[in-house]
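Worksheet for the structure shown next.
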Amino acid sequence: MIPVNTPLFSGNEEKYLLECIKTGWISSEGPFISKFEDQFSNYVDRKYGIAVSNGSAALDIAIKALDIKKGDEVIVPTFTIISPVQSITNAGAIPVLIENEESTWNMDVLKIEEKITNKTKAILVVHIYGLPVDMDPILHLCEKYNLLLIEDAAELHGQTYKNRKCGSFGHISTFSFYPNKHITTGEGGMLVCNDGDIAEKCKKLRNLAFEPNGRRFIHNEIGWNYRMTNLQAAIGLAQLEKIETHIQRKREIGRRYMNNLAEIKNYQLPLEKTVYSENIFWVFGLVADNEKLCNDTVTELAKYNIGTRPFFWCMHKQPVFNKMNLFINDKFPIAEKIASNGFYLPSGLGLTDDQIDYVSEKLLNFSNQKL
Ligand SMILES: Cc1ncc(COP(=O)(O)O)c(C=O)c1O
């Protein structure tokens, strides 16, 4: 089996984990937490890092820490994982969806301004699959309309936009450390920001909103237990020591697929670069010319024990949101096409060159039969 993802542990993971066990620091109180927070936030050029239990939790906290609440509108792409959108609805706020771009699969920044109203409180940018969102127009809109910016950089640790790190733009930016990410903590996430008051709010919200200076067990607001453990942070720190190697390998994997599949017909390959960024190939995705071809390809590759994953599903097509009377009349043909025709190939850090060549060969054979 060539799974769609295999993580890579080639550094100090075991050593740091043993240290946790030997010292007994296994909860969220241990010393690896602040080390990981400091070093990761420093890596993405932010002053503060707040480690949490996963990337979805980070988004819940981000929305609440920025005081986004009932009636507020937040602009977000329709083609995304559900996490950013459910964090908006969880807070009683209203997600306002934006079409995605055919070329980068990211939100179409030219379609944002027409959706801004006097209720718009924030833009929630989601960087998707390997290329960042075009940030300059977003920064301009945030300034022009006095909007908050949240950056979901869950997939793009180490990626840059015009030489500036993804995750360094938002009033709050969030990351995930799920095992398919460039660095993992098993499950895990982090919020990063530059504002000390916002950082304190996030810390409080991840810890059941305990008052940092008040009597313990008296609460003035509702938070969550979204804490990361010292065990997770130990793995995270070891992974962070290797992040540049991981990113380099991801780009090698992407380029190898690009070369192998350069002549493929009936599928759109990812863009290798844009004017502002080089693809980091968090995953290697393709968009087939139609949904049947996408489904048939996935079935064909499965015959050779090659794992694939379908692309995200559009938010305006989600039964759960339609039941909430959301997005009923929304239509976003580009995002719909990307979602129904897209899938990604094995892309994990543990993938070997031979496996990439094998997957490419099987895909090319199949595509040639279809011509
Ligand atoms: C863009 C994006 N945001 C948020 C998340 C959620 O992160 P987690 O799985 O850690 O909750 C993911 C997960 O892959 C993601 O891709």
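Just so you know, ligand 1 is whichever comes first in the structure, and atom 1 is the first atom listed for that ligand. Since this is a predicted model, take the numbers as computed values, not measurements.
Atom CD of residue Glu14 and atom CD of residue Glu19 lie 13.0 Å apart, to the nearest 0.5 angstrom. Taken to the nearest 0.5 Å, the CG atom of Asn279 stands 8.5 Å off from the OG1 atom of Thr274.
Glu113 and Tyr145 share a donor-acceptor pair across their side chains, judged by distance under 3.5 Å alone. Judged by distance alone, the side chains of Gln239 and Tyr16 never bring a donor and an acceptor atom under 3.5 Å apart.
Heavy atoms of Lys181 approach ligand 1 to within less than 4.0 angstrom.
Note: an N/O pair closer than 3.5 Å links Ser176 and ligand 1 by distance alone. Residue Glu187 has no nitrogen or oxygen atom sitting less than 3.5 Å from a nitrogen or oxygen atom of ligand 1, judged on distance alone.
In Asn54, the parts holding a heavy atom less than 4.0 Å from any atom of ligand 1 are both the side chain and the backbone. Only side-chain heavy atoms of Ser83 come within less than 4.0 Å of ligand 1; its backbone N, CA, C and O stay farther off.
Aromatic ring pairs are classed by plane angle as parallel below 30°, tilted from 30° to 60° and perpendicular above 60°; the pair Phe36 and Phe177 is tilted.
Among protein heavy atoms, atom 16 (O) of ligand 1 sits closest to Glu155 OE2, 2.6 Å. Among all protein heavy atoms, the one lying closest to atom 11 (O) of ligand 1 is Ser56 OG, 2.6 Å.
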